[in-house]
Amino acid sequence: MTHAVIIGASVGGLLAARALSGAFEQVTVLERDRLPAGAAARRGVPQSRQAHALLARGSMALDELFPGFVAEMLGAGVPAGDLHADCHWYLDGHPMRRAPSSMPVYGVTRPLLEHLIRERVRALPNVTIIDAAEVTGLLHDGRIRGVRTSDGTIGAGLVVDAGGRASRLPFWLRELGYGEVPVSTVRTGVVYTTRHYRYEPGRIGFAVINAPYPGMPRTGVTIRQEGDRVVLFLGGILGEAPPADDAGVMAFAESLPGPEIRDFLRTAEPLDDPVRMRVPASVRRHYERMPRLPEGLVAVGDAVCSFNPIYGQGITVAALQALALSRTAGTGRWFAGAARTMDVPWSMATATDLRFPQVAGPRRAVDRPLDAYLRRYRAAAAHDPDLGAAFLRVSNMLAGPAHLLTPGRLLRVLLSPVRRR
Ligand SMILES: Cc1cc2nc3c(=O)[nH]c(=O)nc-3n(C[C@H](O)[C@H](O)[C@H](O)COP(=O)(O)OP(=O)(O)OC[C@H]3O[C@@H](n4cnc5c(N)ncnc54)[C@H](O)[C@@H]3O)c2cc1C
């Protein structure tokens with residue numbers, strides 16, 4: 001095949017470019033923003049100013065796409081830790097018992113991650129990244145023939161939409177007569193506030209994660225990052241909004257289950273001002289359910305599915321899609337295959353959101369007993385490190401949800417004493 005055009009040079013688009021560089025003679029990535037020379041946040045990716053976690057499966061997938069990528073992150077000063085031994089997890093308010101594991105965690109900022117990926121993609125001889133170039137429509141004569149841009153038209157045998165959450169693809173398809181794209185929406189009303197502090201050895205563990213749960217619609221997370229920084233993000237859902245002033249931040253931190261963030265904030269030195277962002281809903285566009293779609297079209301990343309960011313899944317799913325794209329080169333029934341990549345993370349994230357009675361969405365008969373089991377599971381992980389490790393493998397997409405339901409784990413959870421927070 002000759003030419004593929006990708007809309008958007010954020011993580012999803014760059015990974016798609018890497019994936020297609022093997023099958024296409026030429027790959028062109030078109031980005032609306034003026035791209036920075038180094039690791040910097042930018043307008044088209046407002047979440048780049050917010051804390052990002054990279055799931056263990058995501059770092060493995062990046063290393064598959066770009067051999068040596070993890071070593072390069074470490075070389076750029078990204079700190080590494082053990083996901084289970086070095087992190088303080090609070091699940092439903094219960095502190096998870098820590099233990100050594102083989103699961104790594106990396107404290108990388110979103111701008112550095114995107115920069116490292118962008119430099120790897122720039123080094124591919126048949127990939128060109130053009131910035132300050134907005135795609136305004138699709139060229140179509142029964143199949144997709146390329147894109148229209150602010151400067152003219154570009155022909156392509158394959159067009160990949162990686163335009164993110166605000167992708168224009170549903171609008172363009174409607175204009176071309178393909179009808180409406182079915183959408184699933186789960187409204188949680190997430191509000192994030194992110195701020196960086198100076199890292200001081202011994203003052204706080206590698207990461208602290210207070211997960212929200214029914215009755216506690218708040219989250220507070222710290223992660224050590226490159227540049228001797230600790231990022232703090234406070235999050236609220238369902239009408240809870242973390243404050244940005246110092247007294248309010250401290251009061252919010254004091255309300256979290258774990259004491260670590262509160263203790264850290266007592267003497268921590270802030271390095272910047274808090275930045276706030278709202279994410280009203282998780283949105284999944286079901287292209288796989290469209291009765292017909294034009295040939296020569298693929299969509300990846302947040303353009304297809306933007307998850308509740310609290311679970312940190314977006315980059316990992318984009319990387320898994322890129323691995324799938326490198327195998328299929330966008331041929332065959334792409335959207336059906338891509339939907340399968342998203343089914344598990346989407347159902348894990350939305351099932352966790354639907355634990356909150358205020359969140360509207362379809363609930364199945366099995367959800368109630370499953371939720372009761374998982375509530376007990378989270379409490380039991382406070383003293384059983386195998387349960388904690390299995391939970392982290394599943395939430396980091398290293399294993400499927402059935403991993404939490406093996407006969408041995410079922411038995412230990414059901415026999416575990418009921419614990420109060
Ligand atoms: C607050 C928040 C926190 C998050 N935290 C995490 C986390 O901890 N871990 C994680 O894995 N994920 C997280 N995510 C998700 C993650 O940021 C995305 O999954 C990731 O950026 C991949 O998205 P993308 O490349 O598909 O889209 P985006 O990152 O949204 O990028 C879209 C790109 O397309 C460009 N573009 C759009 N339209 C056009 C056009 N018409 N022409 C040209 N260019 C165009 C934009 O300028 C932009 O560069 C978070 C998201 C949010 C909102």
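One-based numbering, in listed order, for ligands and for the atoms of each. What you see below is based on every heavy atom in this structure, not just the backbone, and it leaves out hydrogens, waters and symmetry mates.
If you look at S306 next to ligand 1, there are no close heavy atoms at all, none under 4.0 Å. Proximity of L30 to ligand 1, defined as any heavy-atom pair under 4.0 Å, is confined to the backbone N, CA, C and O atoms. Contact annotation for A51 and ligand 1: only backbone heavy atoms (N, CA, C, O) come within less than 4.0 Å of the ligand. Under 4.0 angstrom from ligand 1, the non-hydrogen atoms of A133 all belong to its backbone. With a heavy-atom cut-off of 4.0 Å, Q47 touches ligand 1 through its side chain alone. Of all the heavy atoms of R168, none lies under 4.0 Å from any atom of ligand 1, so neither backbone nor side chain is involved.
Of the polar atoms of Q50, none of the N or O atoms is found under 3.5 Å from an N or O of ligand 1, judged by distance alone. Ligand 1 has a nitrogen or oxygen under 3.5 angstrom from a nitrogen or oxygen of V135. Close N/O approach between G312 and ligand 1 is found [any backbone or side-chain N/O within under 3.5 Å].
Look at E114 and you'll find every heavy atom at least 4.0 Å from all atoms of ligand 1.
The nearest pair of heavy atoms linking G301 to A318 is CA-CB, 4.4 Å. Of all heavy-atom pairs between L325 and A19, the closest is CB-CB, 3.9 Å. Looking at every heavy atom in both residues, P36 comes nearest to R42 through CD-CD, 3.9 Å.
Checking D82 against S101 by side-chain atom types alone, a donor-acceptor pair falls below 3.5 Å. Checking R165 against S306 by side-chain atom types alone, a donor-acceptor pair falls below 3.5 Å. For the 3.5 Å distance criterion, the side chains of R98 and H84 fail to qualify, holding no donor opposite an acceptor. Using modelled atom types, one finds no donor on one side chain facing an acceptor on the other under 3.5 Å when comparing S10 with R118. No hydrogens or angles considered: a donor-acceptor pair under 3.5 Å links the side chains of Q26 and T128.
Counting only heavy atoms of the protein, atom 27 (O) of ligand 1 lies nearest to G164 CA, 3.3 Å. For atom 21 (O) of ligand 1, the nearest protein heavy atom (residue, atom name, distance) is R110 NH2, 2.5 Å. Nearest protein neighbour of atom 29 (O) of ligand 1, counting heavy atoms only, is S10 OG, 2.7 Å. At the top of the distance list for atom 25 (O) of ligand 1, counting protein heavy atoms only, stands G12 N, 2.7 Å. What sits closest to atom 9 (N) of ligand 1 on the protein, heavy atoms only, is A53 O, 2.8 Å. The nearest heavy-atom contact from the protein to atom 11 (O) of ligand 1 is I315 N, 2.8 Å. The protein heavy atom nearest to atom 26 (O) of ligand 1 is D302 N, 2.8 Å. Atom 16 (C) of ligand 1 has its closest protein heavy atom at H52 NE2, 3.6 Å.
Ligand-side atoms of ligand 1 in range of G314: 10 (C), 11 (O), 12 (N), 19 (O), range being under 4.0 angstrom from any heavy atom. In the vicinity of G301, heavy-atom distances shorter than 4.0 Å reach the ligand 1 atoms 26 (O). Interface atoms of ligand 1 facing V11, defined by a heavy-atom separation under 4.0 Å, are 25 (O). Contact atoms of ligand 1 toward V45: 29 (O), 48 (C), 49 (O) (distance under 4.0 Å to a heavy atom of the residue). Residue-ligand proximity, G44 to ligand 1, at heavy-atom distances under 4.0 Å covers atoms 46 (C), 47 (O), 48 (C).
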Next item on the list: Could you walk me through whether H196 and F233 pass the ring pair (Phe, Tyr, Trp, His ring centres under 6.0 Å) test, one step at a time?
Entry: CA-CA 9 Å; H196 297 90; F233 91 76; over 10 Å; no

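Each of N308, I310, T350 was checked for a side chain to side chain contact (heavy atoms under 4.5 Å, CB included) with T188, and the lone residue meeting it is N308. The side-chain hydrogen bond (donor to acceptor under 3.5 Å, both in side chains) test with T109 singles out one residue from R229, Q225, E226, and that residue is E226. Under the side chain to side chain contact (heavy atoms under 4.5 Å, CB included) rule, V159 has a single partner from L169, I144, V298, which is I144.
Applying the ring pair (Phe, Tyr, Trp, His ring centres under 6.0 Å) test to every pair with at least one member in residues 276-332, sequence neighbours left out, gives these pairs: Y287-F335.
Using a 4.0 Å cut-off between a side-chain N of Lys or Arg and a carboxylate O of Asp or Glu, D131 and R34 qualify as a salt bridge.
With R43, R49, E31, R278 as candidates, the residue nearest to atom 47 (O) of ligand 1 on a non-hydrogen basis is E31. Of the listed options R32, R165, E134, R32 places a heavy atom closest to atom 45 (C) of ligand 1. Across the listed options A162, G8, A166, A162 owns the non-hydrogen atom lying nearest to atom 32 (C) of ligand 1.
A cation-pi arrangement is present between R168 and F171, with the terminal nitrogen or guanidinium carbon under 6.0 Å from the aromatic centre and inside a 45° cone about the axis.
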